[in-house]
There are 2 protein chains.
Amino acid sequence: MAPSRSATMADVARLAGVSVATVSRTLSGTRAVDPAMQRKVTEAAAQLNYQVNLVGRALRQTRSSTVGLVVPDLENPYFSALAQQLSRVFSDPGIDLLVFSADGSLETEARGVSSFLGRQVDALVMIPVHEQLSEATVTAAAAAVHTIQLDRHVPGTAASYVGVSNREGVRLVHEHVSSCIDVGTHPVVYVGAAQGSSSAHERLDSMRRWFSPEVPTLLGDFSAAWGREAAARLLADGWRSATIVTAADVIAVGVVSHLLHQGCSVPGDFRVIGFDGVGAAAFAYPTLTTVRQPVEEMARSIRALVESDDEPSSRWFDPELVIGETSPGR
Amino acid sequence: MAPSRSATMADVARLAGVSVATVSRTLSGTRAVDPAMQRKVTEAAAQLNYQVNLVGRALRQTRSSTVGLVVPDLENPYFSALAQQLSRVFSDPGIDLLVFSADGSLETEARGVSSFLGRQVDALVMIPVHEQLSEATVTAAAAAVHTIQLDRHVPGTAASYVGVSNREGVRLVHEHVSSCIDVGTHPVVYVGAAQGSSSAHERLDSMRRWFSPEVPTLLGDFSAAWGREAAARLLADGWRSATIVTAADVIAVGVVSHLLHQGCSVPGDFRVIGFDGVGAAAFAYPTLTTVRQPVEEMARSIRALVESDDEPSSRWFDPELVIGETSPGR
DNA sequence: CTGTTAGCGCTTTCAG
DNA sequence: CTGAAAGCGCTAACAG
C-alpha cells in the first residue's frame, strides 16, 4: 500500500459533523464531551483510520510525553539493561522512552542531545561519554530541560545524577577478598577501563583506597576483548596467581576466558571479580563473583526525579556483592 | 540553571535586524544569502544560544530526519548489536536513529509504532514481536510510512524485509555436524525458542528439514536462563551425550554453563552450537561454535532501502559458520 | 457542554 | 537576493 496523506483532525471533525475542538477533547479526554458526540467522533476517527499527529501536539503544548536517553553505546550489556529498565518504568505513565546511541563519540553525543532538545523532550537522561569532555553537552542539556546523568557523572554541572556508589562496591569487594585471602601477602591486580568515564575513574580510586595506592593496574576499555588482552599481558609479565578485580563483567568474562584457555585454574590460581551483575555474563561458566547494581531501583528513581520538579539532586545506590565461582567465599 | 524559555527564530531575526526567512535560509542553507547578513545571523544565533526547534520544522516539512527502530527487547545482545549498527550507518547522512523497546509486549509495540508515526519519522524499522499477532501493527506502519522489517518477518504485509537466511544457517550447521559425527547414529537435539517469532519458526523448520523431521526439540525463549533449564531437562531425561543445536548464542551459553557445572564434557559428551555470533558470548569460555549474522551489512542494506524510494522488497543475507570449542571441526 | 479562533516555531511560496 | 504572509496539525482560551 502506498503511503497516503493521513487524515487530520479537521477531516474527522467534518465527517463527524462537529468542531475540531470537540474532536480534540474527545480523543485526548481533557474535558467532558457529550456521549453521543463522543461516539460520532470515535466512529469517524476509526473510519478514517485517524492517528493523532504528535508533532502538531508537541508544537502546541511545548512538550511531547517523551523522555530521551543518550547512551555511549548499546552493545555494553550494562547500558542496554539500564535502557530496558527505563523503557519499562516509563511505559506505565504513558511516556515514551526514546534511546539514542552516541557510538562512543562526543560529536554524536552532542548531536543526540540537541536532537532531543529540539524535539521538546520532557526530560533527558544521559550516560555521558566522557567525564570532562562531555561537560558542554551536559550543561547545554541542563540549561534547556530537566536532565539526569546516569551511571557516569560530569562534575560541576547543574544536572541531577543517579548511580551506584563505586566506593561502596569496591569496599564490598575488599571485604570479600580479605575474608578469603591475606591481602597483605597475596597479590591483587586491577583490570579497569581508561580514565574518561567517572565510573572507571571512581572504581580505580576506590581500589587504591581500599586495597593499596600501588595496586598494579591495567587500563583498557569496557569490552571482553580487552579482558582477554589484559589477562595475556599479566601472564606474559610472569604472574602465576593473583586476585584480579575488574571494572565490568564483560572485562571479567574476557579475563576468565583467557586464563582458562591458558590452562590456569580459576579460582585456584586466579580469583576474578566482575562489576555490574546484569546480562548473560551472569550465566556464563564459571559463574562470576560480581558487584550487582540495582538497575531496576535506579530506573524507578529516575522516573521519580522526572516526575517531581525539584531542584537537581544526586542519588547513590548501594550495590550488592554476588558470590560466584570465580571467587567463592572462604 | 533553571530551564528558561529558549530563543526562537523571531528572536534571532530581531537581534540580527533581518527577517525570519533570512534566518531560516541562513541556518538551513537552503538558499543563497548575502554573506554580510549571514554573518549577522550566525552571530545573533550564537549570542542567543539559539537551537532550532525541530518540532516546528517537522510540522512544516511533514518529515523529521528521523528513523524509528522498534525492538522487542534491548537486553537481547543480538538486538542491541543491530541497534548499534543501525545508529552508526544512519549517523553519517545526518539521520537520527531513535530506538524504542516494546518490552516483549504487543501493546507496547503498537504504542511504539504509533508514537513514531505520530512523530513523522521518515522510515520505520521494526523487529516484530510476533509472527502473526504483530500483523496489524506492521500493516498500519507500512500504510503510513516506509517500513522495513528486520530479522523477523510477518508474512503477507506490504513492508520490506531484511534478515538472514535461517535455512542456510541451519544448513551450515548440518554440514559442519555431519563432518564431525555420524548424524545417523549420534543424537542431535534442538533447543529453540517458542513459535511466535519467524526466526524461531524458520530455524525449527530448517532443523527438521536438514536433520530429521523428528529431531527432539525443547522450546523456551531467547535467554541464558532458558538454556540452563533446557540442559537440566535433557540430563533429567537421561541424555548423556548429544549434539545440541540452539536458536541463539545466549541460549547456548546457558546450556554450556549447566552442562559443565554438572560435570559433563563439552564438546566431549555434548557438542553445543549457537546462533547469531555477536556480543560478549563469543568471548566466553569455552568459545562457541555459532552461525554469525552479518549485522553490519544488514544495517547498510536497510539504509539503502530507506534512501531509495523503491517498492517494498526483501533481502536475505547468507550467514557464516564460526568454529569454536563447543563443537570443533573433525 | 460546544464552537471559534489564535497561535506554538518553522519553511516556503509569492512578490518585490 | 530579501521580506511578508500563509499554514503545517494541534490545543487552550474565550465566548456562547
| field | Carboxylate-amine/guanidinium contact B:R88 A:D103, below 4.0 Å | value | yes

| request: Verify whether one side chain among A:E131 and A:H153 offers a donor that lies under 3.5 Å from an acceptor in the other. | output: no

| request: For A:Q120 and C:dG9, give me the distance from atom CD to atom P, rounded to whole Å. | output: 8 Å

| Taking atom C1' of D:dC8 as reference, at what distance in whole Å does atom CZ of B:R57 sit? | 14 Å

| query | Which nucleotide in the set D:dC10, C:dT2, C:dG9 lies at the smallest distance from any side-chain heavy atom of A:M9? | reply | D:dC10

| field | Strand-adjacent residues in residues 44-51 of chain A, judged by heavy atoms under 4.0 Å from DNA chain D | value | A:Y50

| task | To the nearest 0.5 angstrom, please state how far the CG atom of A:L305 sits from the OG atom of A:S314. | result | 9.0 Å

| Are A:Q120 and A:T62 linked by a side-chain donor-acceptor pair shorter than 3.5 Å? | no

| note | Residues in residues 19-34 of chain B with a heavy atom under 4.0 Å of DNA chain D, by number, are B:S19, B:A21, B:T22, B:R25, B:A32, B:V33, B:D34

| query | Around atom CD of A:E296, are there more than 12 heavy atoms of other residues, nucleotides or ligands at under 6.0 Å? | reply | no

| task | Please determine which of A:D96, A:V99, A:L97 meets the side-chain contact (heavy atoms from CB on, under 4.5 Å) test together with B:F100. | result | A:D96

| query | Atom CG of B:N53 to atom P of D:dC8: distance rounded to whole Å? | reply | 18 Å

| task | Using a cut-off of strictly less than 4.0 Å between a heavy atom of the residue and any atom of DNA chain D, enumerate the qualifying residues of residues 58-66 of chain B by number. | result | B:L59, B:R60

| task | Using only heavy-atom distances, determine whether the side chains of B:T157 and B:E135 contain a donor-acceptor pair under 3.5 Å. | result | no

| query | Using the C1' atoms of five pairs at each end, what's the angle between the two axes of the helix from C:dC1-D:dG16 to C:dG16-D:dC1, to 10 degrees? | reply | 40°

N/O donor to acceptor pairs below 3.5 angstrom from side-chain atoms of residues 46-56 of chain B, sequence neighbours left out:
| residue | atom | partner | partner atom | Å |
| --- | --- | --- | --- | --- |
| B:N53 | OD1 | B:V55 | N | 2.8 |
| B:N53 | OD1 | B:G56 | N | 3.1 |

| task | Quick one: list whatever passes salt bridge (Lys or Arg N to Asp or Glu O under 4.0 Å) with A:R39, sequence neighbours left out. | result | A:E43

| said: Nearest whole Å is fine: how far is C:dC10 C1' from A:R119 CZ? | reply: 15 Å

| query | Between A:R111 and A:S115, do the side chains contain an N or O donor and an N or O acceptor separated by less than 3.5 Å? | reply | no

| field | Donor-acceptor pair between B:S80 and A:E75 side chains, under 3.5 angstrom | value | no

| message | Just verifying a value: how many Å separate A:R31 CZ and A:R25 CZ, rounded to the nearest 0.5 Å? | response | 5.5 Å

| query | What nucleic acid atoms does A:V52 come within less than 4.0 Å of, heavy atoms only: base, sugar-phosphate, or nothing? | reply | sugar-phosphate

| message | Within this structure, what is the OG1-CD1 distance for the pair B:T66 and B:I95, rounded to the nearest 0.5 Å? | response | 8.5 Å

